[in-house]
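Per chain, numbering begins at 1; letters A, B, ... match sequence-line order.
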There are 2 protein chains.
Amino acid sequence: MTVTLADVAARAQVSPATVSRVLNGNYPVAASTRERVLKAVDELDYVLNGPASALAAATSDLVGILVNDIADPFFGIMASAIQAEIGGPGGRAGGERLAVVCNTGGSPERELTYLTLLQRQRAAAVVLTGGAIEDAPHRVAMDAKLRKLVDAGTRVVLCGRPQAPETGAIALTFDNRGGGQELTEHLIGLGHRRLGYIAGPLERTTTRHRLEGHRDALAAHGISEDPRWTVHGRYDRRSGYEATLELLRRDPSLTAVVAANDSVALGACAALRESGLRIPDDVSVAGFDDLPFSIDVVPALTTVRLPLAEAGARAGRIAMGREEEPPGGVAGVRGELMVRGSTAGPRD
Amino acid sequence: MTVTLADVAARAQVSPATVSRVLNGNYPVAASTRERVLKAVDELDYVLNGPASALAAATSDLVGILVNDIADPFFGIMASAIQAEIGGPGGRAGGERLAVVCNTGGSPERELTYLTLLQRQRAAAVVLTGGAIEDAPHRVAMDAKLRKLVDAGTRVVLCGRPQAPETGAIALTFDNRGGGQELTEHLIGLGHRRLGYIAGPLERTTTRHRLEGHRDALAAHGISEDPRWTVHGRYDRRSGYEATLELLRRDPSLTAVVAANDSVALGACAALRESGLRIPDDVSVAGFDDLPFSIDVVPALTTVRLPLAEAGARAGRIAMGREEEPPGGVAGVRGELMVRGSTAGPRD
DNA sequence: ACGTACATAGAAAGCGCTTGCTGTCACGCT
DNA sequence: AGCGTGACAGCAAGCGCTTTCTATGTACGT
């Protein structure tokens with residue numbers, strides 16, 4: 001039924017071995033023979049059997065990319081950049097590799113299961129994006145899994161994720177803490193003293209780091225934080241909307257709201273407007289990430305730009321062994337404060 | 001080095017065949033034996049070899065999802081929904097399948113190459129999202145490829161893509177034409193007579209259909225279209241920005257701008273504002289798709305909501321054979337006009 | 001007590017490809 | 001003339017799993 005290597009070989013009057021070598025191009029084959037084989041391949045419309053090839057060669061051309069939420073541009077942008085470097089068809093890489101984007105939905109179990117699935121497929125490399133989950137047992141399990149992947153020859157790269165010591169994974173970490181600090185410092189510099197903070201889910205490292213940066217800035221300026229000023233939620237617009245209403249309820253005198261990321265900030269803006277407050281006249285709002293839409297909202301969002309595409313591209317290259325690993329297996333990626341219209345000095 | 005089925009079998013004191021059956025659970029195995037095997041699997045930390053299994057069973061658990069641009073939420077949302085239904089780990093589907101999101105970047109070649117790669121992997125199903133490319137040779141090549149995939153037992157589903165007759169693929173098509181028409185009719189109803197249109201790339205079916213809807217509406221109301229009123233560009237913000245400036249240059253008297261999609265509309269808004277025009281007081285703006293951010297821009301965008309998540313979910317279920325195929329292999333998906341603040345009657 | 005049927009387990013034959021090793025020439029060197 | 005040396009091509013042994021067919025009990029009916 002389906003055409004196999006042997007069929008091609010028969011048609012080209014050569015041995016299967018020769019056909020295989022022509023296709024893989026890693027062994028000398030006479031030009032005339034090669035041509036004959038290629039012709040047969042074409043005529044028979046032969047398509048290599050991936051699994052068989054992977055089995056025999058003990059390697060595959062799959063590269064896994066784990067993301068928390070593929071519908072979120074934060075991950076989409078990174079995934080896109082990683083994938084462009086992985087090579088996929090048309091990429092600048094040599095062989096054609098299949099980039100597999102896996103959506104964990106932020107679930108620890110799915111994260112692990114996907115890793116197992118990738119391990120099963122003998123993936124050539126795996127790139128994990130986004131913050132990690134701060135649950136000790138899960139972390140141990142993840143590290144063990146990563147270690148196993150690395151041991152099996154899979155290149156593992158963490159992009160925007162804290163380093164996983166002892167696993168052999170390469171990490172490109174985002175300076176969430178520094179960015180958060182800079183952002184809050186900007187607000188303090190404008191004169192704000194009562195700042196609300198809408199944090200992400202408690203169990204994510206990204207959440208903690210950004211929040212720590214925020215608090216560092218407050219502390220550095222001798223502002224004692226009111227516990228009512230922090231609300232936790234998800235990394236989405238909806239959450240920002242609700243959290244803002246909650247913040248306003250708790251302390252209507254806030255003059256600024258710092259959001260866990262840009263989507264959350266958008267929700268915050270909506271809530272503020274609906275509450276009759278003007279941005280930035282009455283309340284300043286700041287986001288994080290600098291996603292493409294952040295410049296389009298009105299007023300444009302002050303935020304911390306994370307070079308998602310650049311980091312993704314680099315992670316992709318490292319995963320493909322086309323770029324040297326950073327010394328020590330870790331490299332920090334800094335954010336850049338983008339001051340725009342959504343922040344200004346407080347009213348009073 | 002790596003643990004194989006045979007190792008597990010030896011440890012559990014059974015034959016490899018039995019271990020395989022325990023793992024696949026499709027053959028009676030005594031409870032006591034099963035337990036022994038499972039214990040051995042656990043102790044040895046055995047991970048099935050995907051390629052080997054796929055080779056022997058002549059099927060794989062890979063499902064491909066082709067998208068034009070993974071960084072664009074339009075595709076991200078669909079991909080996410082499809083994937084949730086495909087089952088991935090934790091999904092409601094039975095077996096664990098690996099959803100492979102492939103980013104074609106809108107390139108015809110990559111589209112084909114990815115399909116070949118998926119064919120190579122003997123993918124269980126493939127879902128293609130987004131509009132198709134209107135290039136006759138490419139279309140023929142695509143159809144042939146799809147046909148081959150279908151013949152090889154791969155389920156092929158088109159989500160938001162025109163039907164591909166004779167290929168055996170199931171299609172869920174978006175009513176871009178109807179949506180475009182409704183949108184423009186809304187504008188005409190408000191009193192607009194001079195409407196600019198920022199279209200997507202010429203060679204995409206989505207572009208043509210939306211534009212046709214727009215023109216149908218104009219024609220139905222006896223408005224003769226000025227060729228200067230249409231500009232083509234990409235489906236992104238930047239393009240919307242530039243196209244709007246161009247439109248304004250060509251005819252400053254336009255009272256409304258219809259964009260190919262929401263991202264383009266965002267760019268249009270920015271350009272208008274920078275030109276000192278107010279929305280919707282001076283110029284109305286409308287988008288298409290109703291992406292999440294569209295409600296957050298100010299003023300909120302009038303647009304046509306496409307049920308991306310629902311359509312994706314349905315496509316995913318059909319791909320998994322968990323939902324009956326629509327009669328005739330095609331089902332239309334309608335959009336819904338969302339009237340918001342960015343459109344109003346013309347100034348004069 | 002004996003045959004029959006059912007429930008399990010094993011043996012073994014591939015699945016389609018890669019690759020180490022073994023030829024076989026044709027050439028050029030001494 | 002004799003032979004080392006490349007350059008190719010083929011043989012055949014797997015890669016690790018699935019699955020058909022066969023074997024072995026065991027329980028039951030008569």
Side-chain angles (χ1 to χ4, degrees), chain A residues 1-38 40-41 44-62 95-96 117 119-124 152-153, chain B residues 1-38 40-41 44-62 95-96 117 119-124 152-153:
Chain A
M1 180 60 226
T2 58
V3 184
T4 71
L5 240 209
D7 299 328
V8 176
R11 173 139 198 157
Q13 316 227 53
V14 296
S15 73
T18 302
V19 177
S20 170
R21 300 204 257 244
V22 168
L23 263 26
N24 292 299
N26 48 16
Y27 190 89
V29 174
S32 63
T33 312
R34 177 199 321 284
E35 230 167 85
R36 208 144 28 93
V37 170
L38 256 19
V41 165
L44 294 178
D45 214 5
Y46 170 69
V47 175
L48 187 73
N49 182 315
S53 157
L55 172 57
T59 58
S60 96
D61 46 11
L62 246 56
E96 276 163 2
L117 242 34
Q119 185 181 9
R120 233 180 231 188
Q121 300 298 332
R122 307 299 189 248
Chain B
M1 178 60 224
T2 57
V3 184
T4 72
L5 240 209
D7 298 330
V8 176
R11 172 137 199 160
Q13 315 227 52
V14 296
S15 72
T18 301
V19 177
S20 170
R21 301 204 258 246
V22 167
L23 262 25
N24 291 299
N26 49 16
Y27 190 89
V29 173
S32 64
T33 312
R34 177 198 322 285
E35 230 167 85
R36 208 146 28 94
V37 170
L38 258 19
V41 165
L44 294 178
D45 214 4
Y46 170 68
V47 175
L48 187 71
N49 182 316
S53 157
L55 172 58
T59 58
S60 95
D61 47 10
L62 245 57
E96 276 163 2
L117 243 33
Q119 185 182 8
R120 231 179 233 189
Q121 300 299 330
R122 305 300 188 250

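Residue Thr33(A) places at least one side-chain N or O under 4.0 Å from the OP1 or OP2 atom of dA9(D). Contact check, Ser15(B) against dA11(C): no side-chain N or O comes under 4.0 Å of OP1 or OP2. Between Asn49(B) and dC15(D), a side-chain N or O to OP1/OP2 separation shorter than 4.0 Å is absent. When the side-chain nitrogen and oxygen atoms of Thr18(B) are compared with OP1 and OP2 of dG10(C), one or more of them lie within a distance under 4.0 Å.
For the residue pair Leu5(A) and Ser20(A), the shortest heavy atom distance occurs at CD1-CB, 4.0 Å. In plain terms, the two heavy atoms of Val37(A) and Ala12(A) that are nearest each other are CA-CB, 3.9 Å. Nearest heavy-atom pair across Ala52(B) and Leu55(A) is CB-CD1, 3.6 Å.
Within the structure, every pair that satisfies the salt bridge (charged side-chain N to carboxylate O under 4.0 Å, His left out) test and touches residues 1-21 of chain A, not counting sequence neighbours, is listed here: Arg11(A)-Glu43(A).
Computed from coordinates, the Asp7(B) CG to dC15(D) P distance equals 12 Å when rounded to whole Å. Rounded to a whole Å, the CG atom of Leu55(B) is 14 Å from the P atom of dG14(C). Residue Gln13(A) contributes atom CD, which lies 14 Å from atom C1' of dA9(D) at whole-angstrom precision. Between Arg36(B) atom CZ and dG10(C) atom C1' the separation is 13 Å, expressed in whole Å. Taking atom CG of Leu5(A) as the reference point, atom P of dC15(C) lies 14 Å away to the nearest angstrom. Regarding Asn24(A), its CG atom lies at a distance of 13 Å from the C1' atom of dG16(C), rounded to whole Å. The CG atom of Leu23(A) sits 16 Å away from the P atom of dG16(C) (whole-angstrom rounding).
Listed for the Arg120(A) side chain is no donor-acceptor partner under 3.5 Å among the backbone atoms of Gly50(B). Using modelled atom types, one side-chain atom of Ser60(A) and one backbone atom of Gln121(A) make a donor-acceptor pair closer than 3.5 Å.
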For nucleotides 20-28 of chain C, which of its nitrogen or oxygen atoms have a protein nitrogen or oxygen under 3.5 Å away, and what is each distance?
{"unit_1": "dG20(C)", "atom_1": "O6", "unit_2": "Arg21(A)", "atom_2": "NH1", "d": "3.2"}

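Of the candidates dT19(D), dA9(D), dG16(C), the closest approach to any side-chain atom of Ala30(A) belongs to dA9(D). Of the listed nucleotides (dT18(D), dT8(C), dT18(C)), dT8(C) has the atom at the smallest distance from the side chain of Pro28(B).
Residue-to-nucleotide proximity on DNA chain C shows that, of Pro16(A) and Ala57(B), the 5′-proximal contact is made by Ala57(B).
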Extract all donor-acceptor atom pairs below 3.5 Å that involve side chains of residues 25-35 of chain B and protein atoms in other chains or at least two apart in sequence.
{"unit_1": "Arg34(B)", "atom_1": "NH2", "unit_2": "Val29(B)", "atom_2": "O", "d": "3.1"}

